[in-house]
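Okay, so here's the structure we're looking at.
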Amino acid sequence: MSDMLIRDWDAHLAHEKRRSEHTRRAYIATATRFFAFLSRHRGGAVDARMLKTLTPNDLRAYLAERRAEGLGNASAARELSALRTFLRFVGGSNASVPQMRGPRVKKGLPRPVSPAEALALVQDVEDHAREGWVGARDFALLLLLYGAGLRIGEALSLTGAVLPLGETLRVTGKRNKTRIVPVLPAVAAAVLRYVEACPWPIAKETPLFLGARGGPLQPGVVRASVRSARRALGLPERTTPHALRHSFATHLLAGGADLRSLQELLGHASLASTQVYTAVDAAHLLDIYRSAHPRA
């Protein structure tokens, strides 16, 4: 019965929700692990009838086991979100899904979004889009912010003339200043997947990122999707589309990039605007020191 439920859910995700293969694999893996846990935790075979009797304590016990295996806050929250989606599918439109607060990330001084948090956020936005092509669009857009350091306005001002994406991209930023940014293969692949899935034609003179009715995509739509994903994953309020650009800069600096190169990549008019990232990186290193050094 459990195998049949998982196969039915996979078909539902693929054909009705039009989720990407990556999303389906992640969701199916979560459901499979959950079923294995329930067979030990509850005993006996796992079927739809059992799933409808689950309580918040069952979900807490599952997450506790996963956390003991090393799962981080963002990933644990994402698994909980996937399980709620699955239980709603099993129970139907009137399903009563156990409610519980997801793992929370401690709030503190401003920090960049970690790579794991950034990828969890981007994937969750795609997973919960109303249509498959909308999810592919948002995934590609947010990956541009995180992978190339674009401002959201810069990404939304791109037109179909940039297609097909090569190794670099010319971006027009503030005060009509242009710059060249590198394009990672993963970013180019995400944009291509969106373009192929988009039901609206993307011409050279039209915006690259289109709204649900074929017009220009509005930044408020993107911010709302990120806000929902952030809450679902338990990420702090500072996790915004612009925070992905902030993380791009901080991670490059931590990896050895010099300030002048970073200034060019970000399109800052003055070096002073870029130097703020040195303070953030220093604060991050101090956190590591305090948590790891025996004398700290």
inquiry  = Are Phe35 and Phe86, when compared by the centres of their aromatic rings, separated by less than 6.0 Å?
reply    = yes

Nearest-0.5 Å distance that lies between atom [atom1] in [X] and atom [atom2] in [Y]:
| X | Y | atom1 | atom2 | answer |
| --- | --- | --- | --- | --- |
| Leu71 | Leu63 | CG | CG | 8.0 Å |
| Leu80 | Thr30 | CG | OG1 | 10.5 Å |
| Leu208 | Leu156 | CG | CG | 9.5 Å |
| Arg230 | Leu121 | CZ | CG | 9.0 Å |
| Arg170 | Arg179 | CZ | CZ | 11.5 Å |
| Lys52 | Asp47 | NZ | CG | 9.5 Å |

query = Can you list every ring-ring contact (aromatic ring centres under 6.0 Å, His included) pair that touches residues 52-76, not counting sequence neighbours?
reply = Phe34-Tyr62, Phe37-Tyr62

Which atom names give the shortest non-hydrogen contact between [X] and [Y], and what distance separates them?
| X | Y | answer |
| --- | --- | --- |
| Trp133 | Gly211 | CH2-O, 3.3 Å |
| Leu13 | Arg24 | CB-CG, 3.7 Å |
| Leu143 | Ala186 | CD2-O, 3.8 Å |

Exercise answer: donor-acceptor pairs, residues 216-227 side-chain atoms, under 3.5 Å, sequence neighbours excluded:
from   : atom 1 : to     : atom 2 : distance (Å)
Gln218 : NE2    : Pro216 : O      : 3.4
Ser225 : OG     : Val221 : O      : 3.2

Mind checking whether [X] and [Y] sit in one hydrophobic cluster, side chains of I, L, V, M, F, W, Y counted as touching below 4.5 Å?
| X | Y | value |
| --- | --- | --- |
| Ile28 | Leu5 | yes |
| Val187 | Val162 | yes |
| Ile202 | Leu144 | yes |

key: Any side-chain heavy-atom pair of Leu51 and Leu38 under 4.5 Å   = yes

query = Within 45 degrees of the axis of the six-membered ring of Phe209 and under 6.0 Å from its centre: does Arg137 put its NZ or CZ there?
reply = no

key: NZ/NE/NH1/NH2 to OD/OE distance under 4.0 Å, Glu65 and Arg40   = yes

ask   = Do the charged groups of Glu126 and Arg193 touch, with an N to O distance under 4.0 Å?
value = yes

Would a distance-only check, ignoring hydrogens and angles, find a side-chain to backbone donor-acceptor pair under 3.5 Å from [X] to [Y]?
| X | Y | result |
| --- | --- | --- |
| Thr239 | Leu235 | no |
| Glu154 | Arg151 | yes |
| Thr172 | Thr178 | no |

query = Which residues satisfy the side chain to side chain donor-acceptor pair (under 3.5 Å) test with Glu69, sequence neighbours excluded?
reply = Arg66

key: Arg130 atom CZ, over 12 foreign heavy atoms within 6.0 Å   = no

